[in-house]
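Notes to accompany the following structure.
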2 protein chains.
Amino acid sequence: MARPKQTTSPNRRQQILEQAAGLFKTNGFNATTMRQLAEQTGMEAASLYNHISSKEELLREICFSVANDFNAHLLQLEADDSCASRKMEAIIRFHIHMLLTRYNDVYVSNRDWKHLKEPWLTNFLNQRKQYENRLAAIIQHGIDTGKFKAVHPHVAVLTMLSAVRSIEYWQRSKKAISSKQIADDLVMMLLKGLEQ
Amino acid sequence: MARPKQTTSPNRRQQILEQAAGLFKTNGFNATTMRQLAEQTGMEAASLYNHISSKEELLREICFSVANDFNAHLLQLEADDSCASRKMEAIIRFHIHMLLTRYNDVYVSNRDWKHLKEPWLTNFLNQRKQYENRLAAIIQHGIDTGKFKAVHPHVAVLTMLSAVRSIEYWQRSKKAISSKQIADDLVMMLLKGLEQ
DNA sequence: CCTACCGATCGGTAGG
DNA sequence: CCTACCGATCGGTAGG
């Protein structure tokens, strides 16, 4: 009767986190139950609490892990001295890259952050607002240097961030379009427009 | 002791529907309880069932009401003989108009349709796919007539539909930007691109 | 990691 | 439209 180990393994915790992201993505945070998560990870619901302290903690780790990656990338890009156009392109491509490589996490972070508890909810929203402001600054710089049209920078930021999320809808339909072509089309549309 | 009427008033039903849309938008479908809805409409939870048959029915009416409006507009536009550019502009502007005039309904329909029950879930998804295909056909026509760049039409459709949803983020922050300028900026960015 | 269990809350019904 | 209530289910805990 070989019994599983009782030690709290970081591996096991990681597995739980990944399964949770998948369930949250498919069913939403509220509609996902700890019993579903337990079943997927092959243990009883009560046993999950040996690895985590609450359901919300799972959501929290997903959201802040994603936020950290975006912040780190932007910080690195800001140090760069390329022009506003190249910076915006790099940002668009990084968002697409994140969506493609960490689909569940990004999807959940985008939709379910509302269920974070305080003080994390406020912290998360502040980080997002900061991120948007820094993107707006890049666009403003592009306008000042004559690279971009004189649109309102915040409108441009939110349009880009929203447009990039269209990738979320591609992931599910496995059409025969390479992710590279999708990314190229997106960058072109956003920077050059749809019209010829 | 004047007692409220017991007749099932269509007005009362409409009020419930509107309050429900507001709660669904703010808290999400699952996180909204019938007791919250009852409190907002000034009655007991049990009394709501004199006007509606289930919580999901409320969601259903919201989602299909929005879908009907979009379908009706597209049908009307397809009969028009304007060029692909003008059609796409009209579609973008109509989406913005819907977001501005029926914010709660559109927001909920966009995010919570997953909680529809069968057979309505399948019906809703089929309608949406149809809608996207018809938009893609317009874009394909624009490409064929040399109006549009040779992007993949479905990529363009999903990009537009996503980009237009950025309005969702504007509604909440009452910045001093007129909705007309936001709409103009959005149309320009999507058709002409951000770059000068 | 499991068994046993709990308090809270949910959508909805019965009956008036 | 209300009072009273129910079966189901939830996140989480106690104790081993």
Side-chain angles (χ1 to χ4, degrees), chain A residues 1-21 23-24 26-63 108 112 114-118 120-121, chain B residues 1-21 23-24 26-63 108 112 114-118 120-121:
Chain A
M1 284 293 195
R3 282 241 140 252
K5 290 193 292 185
Q6 297 185 27
T7 49
T8 299
S9 147
N11 268 354
R12 207 86 182 84
R13 194 169 196 283
Q14 199 55 40
Q15 287 170 24
I16 292 170
L17 215 57
E18 281 166 27
Q19 299 285 354
L23 287 171
F24 291 166
T26 305
N27 309 322
F29 176 73
N30 268 328
T32 299
T33 72
M34 296 306 276
R35 281 153 182 85
Q36 287 173 337
L37 180 55
E39 193 180 10
Q40 286 226 353
T41 51
M43 64 178 84
E44 293 301 313
S47 305
L48 291 168
Y49 292 89
N50 231 24
H51 301 282
I52 60 160
S53 67
S54 72
K55 182 185 174 185
E56 193 252 4
E57 187 187 66
L58 291 165
L59 178 64
R60 199 190 311 151
E61 294 211 11
I62 291 168
C63 290
V108 169
D112 284 331
K114 264 190 191 178
H115 301 107
L116 289 169
K117 287 182 183 163
E118 295 293 0
W120 297 282
L121 177 58
Chain B
M1 284 294 193
R3 282 240 141 253
K5 291 191 292 182
Q6 297 183 29
T7 49
T8 300
S9 146
N11 268 353
R12 206 87 183 84
R13 194 169 197 282
Q14 199 53 41
Q15 285 170 26
I16 292 170
L17 213 58
E18 281 167 25
Q19 300 284 353
L23 286 171
F24 291 166
T26 305
N27 309 322
F29 176 74
N30 269 328
T32 299
T33 72
M34 296 306 278
R35 282 152 182 84
Q36 288 174 336
L37 179 57
E39 193 180 12
Q40 286 226 355
T41 52
M43 64 177 85
E44 293 301 314
S47 306
L48 290 169
Y49 292 89
N50 232 23
H51 301 282
I52 58 160
S53 68
S54 73
K55 182 184 175 185
E56 192 251 8
E57 187 188 66
L58 292 166
L59 178 65
R60 200 190 311 151
E61 294 212 10
I62 292 168
C63 290
V108 169
D112 284 332
K114 264 189 192 181
H115 301 107
L116 289 169
K117 288 181 183 163
E118 295 294 359
W120 297 282
L121 177 57

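So that the names make sense, note that chain A is the first sequence line, chain B the second, and so on, each numbered from 1. Reckoned from all heavy atoms, side chains included, excluding hydrogens, waters and symmetry mates.
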Fill in the blank from the handout: When rounded to whole Å, the CG to C1' distance for the pair B:Leu59 and C:dG11 reads 15 Å

Practice task
Starting from P on C:dG12, measure out to CD on B:Glu57 and report it in whole angstrom.
Solution key: 10 Å

Completion exercise
Closest of D:dC10, C:dC1, D:dC2 to the A:Ser47 side chain is C:dC1

Practice task
Return the value, rounded to whole Å, for the distance between atom CD of B:Glu39 and atom P of D:dC1.
Solution key: 16 Å

Handout entry: A:Arg60 backbone acceptor or donor facing A:Lys117 side chain under 3.5 Å
Key = no

Practice task
Go through the steps for A:Met34 and A:Tyr49 under the test side-chain contact (heavy atoms from CB on, under 4.5 Å), then give the verdict.
Solution key: CA-CA 10 Å; A:Met34 296 306 276; A:Tyr49 292 89; 3.5 Å; yes

Practice task
Ignoring the backbone of A:Met43, work out which of C:dC10, D:dG12, C:dC2 is nearest its side chain.
Solution key: C:dC2

Problem - A:Glu44 side-chain proximity, nearest of D:dC1, C:dC2, D:dC10 - result: C:dC2

Completion exercise
Quick note, A:Lys55 side chain, CB onward, closest among D:dG12, C:dC10, C:dC1 is D:dG12

Exercise for the section: Measure the spacing between CD of B:Glu61 and CD1 of B:Ile52 and express it to the nearest 0.5 Å. Expected result: 9.0 Å

Problem - Between P of C:dG16 and CG of B:Asn50, the distance in whole Å - result: 16 Å

Practice task
Starting from C1' on C:dT13, measure out to CG on B:Leu48 and report it in whole angstrom.
Solution key: 14 Å

Practice task
Just compare D:dT13, D:dG12, C:dC10 and give me whichever is closest to any side-chain atom of A:Ala46.
Solution key: D:dT13

Problem - Approximate separation, where rounding is to 0.5 Å, of B:Leu37 CG and B:Phe24 CZ - result: 7.0 Å

Exercise for the section: Hunt down the Watson-Crick or G-U wobble partner of D:dG11, both distances under 3.5 Å, from any strand shown, or write none. Expected result: C:dC6

Problem - Side chain of B:Thr33 (C-beta onward), nearest among C:dC1, C:dG11, D:dC10 - result: C:dG11

Handout entry: Distance, rounded to the nearest Å, where A:Ile52 contributes CD1 and C:dC1 contributes C1'
Key = 14 Å

Exercise for the section: Ignoring backbone atoms, test whether B:Arg12 places a side-chain nitrogen or oxygen under 4.0 Å from the OP1 or OP2 oxygen of D:dC1. Expected result: yes

Practice task
Please say whether more than 12 non-hydrogen atoms of neighbouring residues, nucleotides or ligands are located less than 6.0 Å from CD in A:Glu39.
Solution key: no

Fill in the blank from the handout: Across every strand shown, the nucleotide meeting Watson-Crick or G-U wobble geometry with C:dG16 (both distances under 3.5 Å) is D:dC1

Practice task
Can you tell me the distance, in whole Å, between the CZ atom of A:Arg35 and the C1' atom of C:dA4?
Solution key: 12 Å

Problem - Atom-pair distance (OH on A:Tyr49; C1' on C:dC5), nearest Å - result: 14 Å

Exercise for the section: Report the nucleotide, chosen from D:dG11, D:dC2, D:dC1, that has the shortest atom-to-atom distance to any side-chain atom of B:His51. Expected result: D:dC1

Exercise for the section: For A:Thr32, report the nucleic acid contact type (base, sugar-phosphate, nothing); a contact means any heavy atom under 4.0 Å. Expected result: sugar-phosphate

